[in-house]
Peer 1: 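This is the structure I want to talk about, given as structure tokens.
This structure is a prediction, so every number in the text was calculated from the model and none was measured. Heavy-atom basis, side chains included; hydrogens, waters and symmetry copies ignored. Each chain gets a letter, A, B and so on, in the order its sequence line appears, and its residues count up from 1.
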There are 2 protein chains.
Amino acid sequence: MARHRILVVDDEPAIREMVGVALETADFDVLEADTGQLAHERIVDERPDLILLDWMLPAISGIELARRLKRDDATAELPIIMLTARSEEDNRVQGLEAGADDYVVKPFSTRELISRIKAVLRRTSAAAAEKTLEVEGLRLDPVGHRITVEDEPVDMGPTEYRLLAFFMSHPERAYSREQLLDQVWGANVYVEDRTIDVHIRRLRKALAPWGYDRFIQTVRGTGYRFSTRSGRVTSA
Amino acid sequence: MARHRILVVDDEPAIREMVGVALETADFDVLEADTGQLAHERIVDERPDLILLDWMLPAISGIELARRLKRDDATAELPIIMLTARSEEDNRVQGLEAGADDYVVKPFSTRELISRIKAVLRRTSAAAAEKTLEVEGLRLDPVGHRITVEDEPVDMGPTEYRLLAFFMSHPERAYSREQLLDQVWGANVYVEDRTIDVHIRRLRKALAPWGYDRFIQTVRGTGYRFSTRSGRVTSA
DNA sequence: ACCTTCATGACAGCATTATGACAGGGGCGA
DNA sequence: TCGCCCCTGTCATAATGCTGTCATGAAGGT
């Protein structure tokens, strides 16, 4: 599994710096944002695994951002840890109500922060990883680690399984071969771009008996996409 | 990508001059305006990529202009950086509320100004690149990298997609073939001017089943335009 | 009418993607 | 430990789809 990516949202550079170093030491990848606005953009764009969110932010407050994230299906599952100053501690109920998974009071030890993060990630990623995805009858069961259609198993290799798992959790979105390599094979893996094509073919072949290969669409000049909406309509 | 065009709005020629030189050195194209009135005209007419806006202006104040721009859909997305004198610094909240993306306090170093501008442009252009555009039911989804009408995909080649993407993000404006080549094909590409005609035809053909080919209008003697308003009125 | 500027259909060449085959690597059971 | 079998990453090659140009007909302007 790739390293977890944490987004640190705080308007004070000093805090971001401190937390950032601590997180990197603990083997997380760190993203930063200094405003709620930017944070939201990066969340939508880069899908971090967890958000460290300062309570007080200019313009969009942390709590407001948390509410927005919970309201949108696409981001509702994102775990959030609130950072609050001691004086604001009373508000923690509000924070938890807004959807925070945990909260940490400043000043905090980095050790404590890290362990909280790991705890939250353990909880949520276990939950997320166990959620079975289903699209029009095509079912991916992370627990059983297999694909089924009407309870009948679909046979495919491990790589095809991971590829499909990635696609099913990021539908309706085009990915370049390079992005797929990063996401499915893992970063820093040297594999030929065109190898993707072969695995795509294997995946399609595995899904073809049920016609689900139509979900795996080629985006010419760019890469591939998983979509339930019909792809190219070859004119007769 | 073409150079970014920055509109500098300030009533003091000295400031405009200084900022202008700095921006040009940093490889931006510079437009100027000395009143809110004129600024608004140039914005509507020339669509700069970012606005540097002085807080204090005669007649229409900077903050008032910012509000107006945010109120109008056509200009709401335009990033604004406010310039404020130190004594006005307290008002920065007002500025941010009025929709400014950032603010810089005078006196400022040109280095700081440039880096702020770049930061804002990075943010907004990244966000803009992901925003789905829709015009009367015709939808362009940059993330999924495709065009849809009522959730039904519209089939077209990569070049037609890029061409439409450019048109949809620059509507109601005529472009010469040369400009289109620069923008859509990229600079330093040698292609016959008339090739555009062919791609325009392909794009129209792709859109025709839904009648959206009416948006792609010929501007005789000049080039083409994307417009929702009906094109040429052929006299009966 | 005459001269321009566009629209279209046809093409050949080029580019990108699909497919089938294959050799090496590893894991697992005998 | 040895084989056997499944997986993987790469190639070479076939199959499609795109592109840029032309030649020709249509439309617009004067």
Side-chain angles (χ1 to χ4, degrees), chain A residues 145-147 153-166 174-182 184-186 188-208 213-226 231-236, chain B residues 145-147 153-166 174-182 184-186 188-208 213-226 231-236:
Chain A
H145 209 268
R146 70 166 155 189
I147 311 290
V154 178
D155 189 43
M156 68 179 70
T159 304
E160 284 71 44
Y161 173 84
R162 267 179 293 137
L163 186 56
L164 180 57
F166 175 73
Y175 290 95
S176 68
R177 291 179 175 68
E178 200 172 337
Q179 288 176 308
L180 289 174
L181 281 179
D182 276 0
V184 179
W185 272 251
N188 310 12
V189 177
Y190 174 63
V191 189
E192 200 63 36
D193 266 19
R194 289 293 158 188
T195 297
I196 293 279
D197 298 33
V198 179
H199 284 278
I200 288 282
R201 168 176 142 281
R202 287 168 181 157
L203 178 54
R204 280 174 173 160
K205 193 182 272 186
L207 297 175
D213 54 330
R214 72 178 184 279
F215 291 163
I216 311 297
Q217 305 172 352
T218 302
V219 183
R220 191 162 247 268
T222 300
Y224 297 93
R225 164 181 58 209
F226 180 92
R232 161 180 311 280
V233 182
T234 310
S235 48
Chain B
H145 209 274
R146 73 165 147 195
I147 311 289
V154 179
D155 190 43
M156 68 179 70
T159 304
E160 285 69 45
Y161 174 85
R162 267 179 292 138
L163 186 57
L164 180 58
F166 175 74
Y175 290 94
S176 69
R177 292 180 175 70
E178 198 173 337
Q179 287 175 308
L180 288 174
L181 280 179
D182 275 1
V184 179
W185 272 250
N188 312 16
V189 178
Y190 174 63
V191 192
E192 199 63 35
D193 266 19
R194 288 294 160 186
T195 297
I196 293 278
D197 298 33
V198 179
H199 283 279
I200 288 282
R201 167 178 141 280
R202 287 169 181 157
L203 178 54
R204 281 173 172 160
K205 192 183 271 186
L207 297 175
D213 53 330
R214 71 178 185 278
F215 291 163
I216 311 297
Q217 303 171 355
T218 302
V219 182
R220 199 178 174 80
T222 303
Y224 297 92
R225 166 182 56 205
F226 180 93
R232 156 183 318 278
V233 182
T234 310
S235 47

Peer 1: Using side chain to side chain donor-acceptor pair (under 3.5 Å) as the criterion, list what pairs up with A:H199, not counting sequence neighbours.
Peer 2: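 Residues passing side chain to side chain donor-acceptor pair (under 3.5 Å) with A:H199: A:E160.
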
Peer 1: Can you name the side chain to side chain donor-acceptor pair (under 3.5 Å) partners of B:R202, sequence neighbours left out?
Peer 2: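 Applying side chain to side chain donor-acceptor pair (under 3.5 Å) to B:R202 gives none.
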
Peer 1: What residues, two or more places apart in sequence or in another chain, satisfy side chain to side chain donor-acceptor pair (under 3.5 Å) together with A:R146?
Peer 2: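 Once residues adjacent in sequence are excluded, A:R146 has no partner under the side chain to side chain donor-acceptor pair (under 3.5 Å) criterion.
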
Peer 1: Rounded to the nearest angstrom, tell me the gap between atom CG in A:D213 and atom P in C:dA18.
Peer 2: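 Those two atoms, CG and P, are 12 Å apart.
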
Peer 1: Quick one, give me the B/S/- string for nucleotides 21-26 of chain D, reading 5' to 3', where B means a protein heavy atom under 4.0 Å from the base and S means that only happens at the primed atoms, P, OP1 or OP2.
Peer 2: BB----

Peer 1: Atom CD of B:Q217 and atom P of C:dA7: how far apart are they, to the nearest Å?
Peer 2: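 Distance, rounded to whole Å: 12 Å.
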
Peer 1: Which pair of non-hydrogen atoms, one from A:M156 and one from A:A206, has the smallest distance, and what is that distance?
Peer 2: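 Taking A:M156 first and A:A206 second, the nearest heavy atoms are CB-CB, 4.0 Å.
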
Peer 1: Nearest whole Å is fine: how far is D:dG17 C1' from B:Y161 OH?
Peer 2: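 B:Y161 atom OH is separated from D:dG17 atom C1' by 19 Å.
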
Peer 1: For ring pair (Phe, Tyr, Trp, His ring centres under 6.0 Å), just list the numbers for A:F166 and A:Y175, CA-CA rounded to whole Å, side-chain angles, deciding distance to a tenth of an Å, and then say yes or no.
Peer 2: CA-CA 11 Å; A:F166 175 73; A:Y175 290 95; 4.9 Å; yes

Peer 1: Using atom names, set out every protein N or O paired with an N or O of nucleotides 2-4 of chain C below 3.5 Å, distance rounded to 0.1 Å.
Peer 2:
{"residue": "C:dT4", "atom": "O2", "partner": "B:R220", "partner atom": "NH2", "Å": "3.1"}

Peer 1: For a quick test of reading the model: is some side-chain N or O of B:R177 closer than 4.0 Å to OP1 or OP2 of C:dC6?
Peer 2: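 For B:R177, the contact criterion (side-chain N or O under 4.0 Å from OP1 or OP2 of C:dC6) is met.
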
Peer 1: Taking only N and O in the side chain of A:T218, is any of them less than 4.0 Å away from OP1 or OP2 of C:dA18?
Peer 2: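 So the side chain of A:T218 is within the cut-off, an N or O lying under 4.0 Å from OP1 or OP2 of C:dA18.
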
Peer 1: Measure from the side chain of B:W185, starting at C-beta and using heavy atoms only, and say which of C:dA18, C:dT8, D:dG20 lies closest.
Peer 2: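 Closest of the options to the side chain of B:W185: D:dG20.
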
Peer 1: Of all residues at least two apart in sequence or in a different chain, which pass the side chain to side chain donor-acceptor pair (under 3.5 Å) check with B:R162?
Peer 2: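 Here the qualifying residues are B:T159.
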
Peer 1: Nearest whole Å is fine: how far is D:dT8 C1' from A:L163 CG?
Peer 2: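 Rounded to the whole Å, the gap is 14 Å.
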
Peer 1: How long is the gap from CZ on B:R214 to CG on B:L207, to the nearest 0.5 Å?
Peer 2: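 It comes to 10.5 Å.
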
Peer 1: About how many Å separate CZ of A:F226 and CG of A:L203, when rounded to the nearest 0.5 Å?
Peer 2: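 The CZ atom of A:F226 is 9.0 Å from CG of A:L203, to the nearest 0.5 Å.
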
Peer 1: Between A:D197 (CG) and D:dA15 (P), how many Å, whole number?
Peer 2: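 Rounding to the nearest Å, CG of A:D197 and P of D:dA15 are 17 Å apart.
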
Peer 1: Kindly compute the distance separating CG (B:L164) from CD1 (B:I147), expressed to the nearest 0.5 Å.
Peer 2: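 If I round to the nearest 0.5 Å, the distance is 4.5 Å.
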
Peer 1: Within this structure, what is the CZ-to-P distance between A:R201 and D:dA14, rounded to whole angstrom?
Peer 2: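 Whole-Å distance recorded here is 16 Å.
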
Peer 1: I need the CD1-C1' distance between B:I200 and D:dG20, as an integer number of Å.
Peer 2: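 After rounding, the reported distance stands at 15 Å.
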
Peer 1: 5'-most contact on DNA chain C: A:K205 or B:Y224, nearest heavy atom basis?
Peer 2: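 Comparing both residues, the 5'-ward one is B:Y224.
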
Peer 1: Round to the nearest Å and state the distance from A:I196 atom CD1 to C:dT16 atom P.
Peer 2: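 Interatomic distance, CD1 of A:I196 to P of C:dT16: 17 Å.
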
